[in-house]
Amino acid sequence: MTACPGCDLLQRVPALPGGGWARCLRCGDTLAIEPEEGSLQRALALATAAAIVLIIGNTTALMGLSAVGRHATTTILGGAYELWLQGYQVTAAAVAFACVLAPAAYLSILLVLLWMSTRSPVPKWGGRLMRQASFMLGWSMPEVMLLGILVALIRIAALATVIPGVGLYAMGVLVILLAAIKLTFDPRQIWQRLEWH
């Protein structure tokens with residue numbers, strides 16, 4: 001029995017074909033999606049690509065600024081460090097956590113889970129990792145950082161020459177890959193493979 005997330009009606013979800021959807025009889029909200037064959041492998045490939053792009057985005061310059069003959073570049077952690085030095089410790093910690101640590105932790109946990117799902121059954125500690133992945137996904141906000149950077153670039157463009165760096169493009173690709181992972185990865189597949197003791 002499955003409770004509808006929209007209206008709480010308890011319903012029995014039938015066996016679905018690959019790529020099939022089950023909708024609530026009362027409100028039409030989606031109850032379940034049966035992933036297509038190979039969706040875990042696609043999610044693993046996307047998560048691997050996202051981890052590589054995250055490393056590139058955090059180790060290369062986000063942007064360069066040139067004004068009055070001076071030139072400066074920075075990375076995400078470099079920006080957080082500068083915020084810390086200027087007395088904005090809470091903001092610096094939030095930027096470092098939401099833009100670097102949470103996405104890195106989410107992708108690391110997801111890679112472990114997806115790699116372990118290739119073995120059957122998934123070890124019992126996979127359930128704890130699934131809960132941690134869900135928590136980290138909620139705090140992973142590279143898209144918010146990217147939007148803030150784009151707004152800042154538009155505002156600064158009148159005062160200085162702005163040169164987008166490789167890190168900025170990498171973070172843009174990371175946002176797209178994280179969205180693709182959310183569309184491809186169905187946590188129910190891992191929960192169904194868990195070894196319960």
**Fill in**
Grouping ILVMFWY residues whenever side-chain heavy atoms fall under 4.5 Å, the cluster of L147 otherwise contains none
**Request:** Could you check if a side-chain atom of P103 sits within less than 4.5 angstrom of a side-chain atom of P142, using non-hydrogen atoms only?
**Result:** yes
**Message:** So M130 and W125, do their side chains get closer than 4.5 Å, heavy atoms only?
**Reply:** no
**Prompt:** What are the two closest heavy atoms between D29 and C4, and how far apart are they?
**Reply:** CB-SG, 3.9 Å
Contacts under 3.5 angstrom, residues 45-58 side chains, donor-acceptor by atom type, not counting sequence neighbours:
| residue | atom | partner | partner atom | Å |
| --- | --- | --- | --- | --- |
| T48 | OG1 | L44 | O | 2.8 |
| N58 | ND2 | L54 | O | 3.1 |

**Item:** Criterion side-chain contact (heavy atoms from CB on, under 4.5 Å) on T60 and L168, from CA distance to verdict
**Value:** CA-CA 9 Å; T60 59; L168 185 62; over 6 Å; no
Would you give me the side-chain donor-acceptor pairs under 3.5 Å for residues 9-19, sequence neighbours excluded?
| residue | atom | partner | partner atom | Å |
| --- | --- | --- | --- | --- |
| Q11 | OE1 | L25 | N | 3.1 |
| Q11 | NE2 | L9 | O | 3.4 |

**Item:** side-chain hydrogen bond (donor to acceptor under 3.5 Å, both in side chains) involving R23 - partner list, sequence neighbours excluded
**Value:** T30
Using atom types as modelled, flag every donor-acceptor pair under 3.5 Å from a side chain in residues 82-97 to any protein atom, sequence neighbours excluded.
| residue | atom | partner | partner atom | Å |
| --- | --- | --- | --- | --- |
| Q89 | NE2 | W84 | O | 3.3 |

Residues 62-80, side-chain donor-acceptor partners within the protein, below 3.5 Å, at least two apart:
| residue | atom | partner | partner atom | Å |
| --- | --- | --- | --- | --- |
| H71 | ND1 | L65 | O | 3.3 |
| T74 | OG1 | G79 | N | 3.3 |
| T75 | OG1 | G78 | N | 3.0 |

Pair up each side-chain donor or acceptor in residues 132-140 with any protein partner under 3.5 Å, not counting sequence neighbours, and list the distances.
none

**Prompt:** Listed by chain and number, what are the side chain to side chain contact (heavy atoms under 4.5 Å, CB included) partners of L183, not counting sequence neighbours?
**Reply:** none
**Message:** Could you measure the distance from the OH atom of Y106 to the CD1 atom of I181? Nearest 0.5 Å is fine.
**Reply:** 5.5 Å
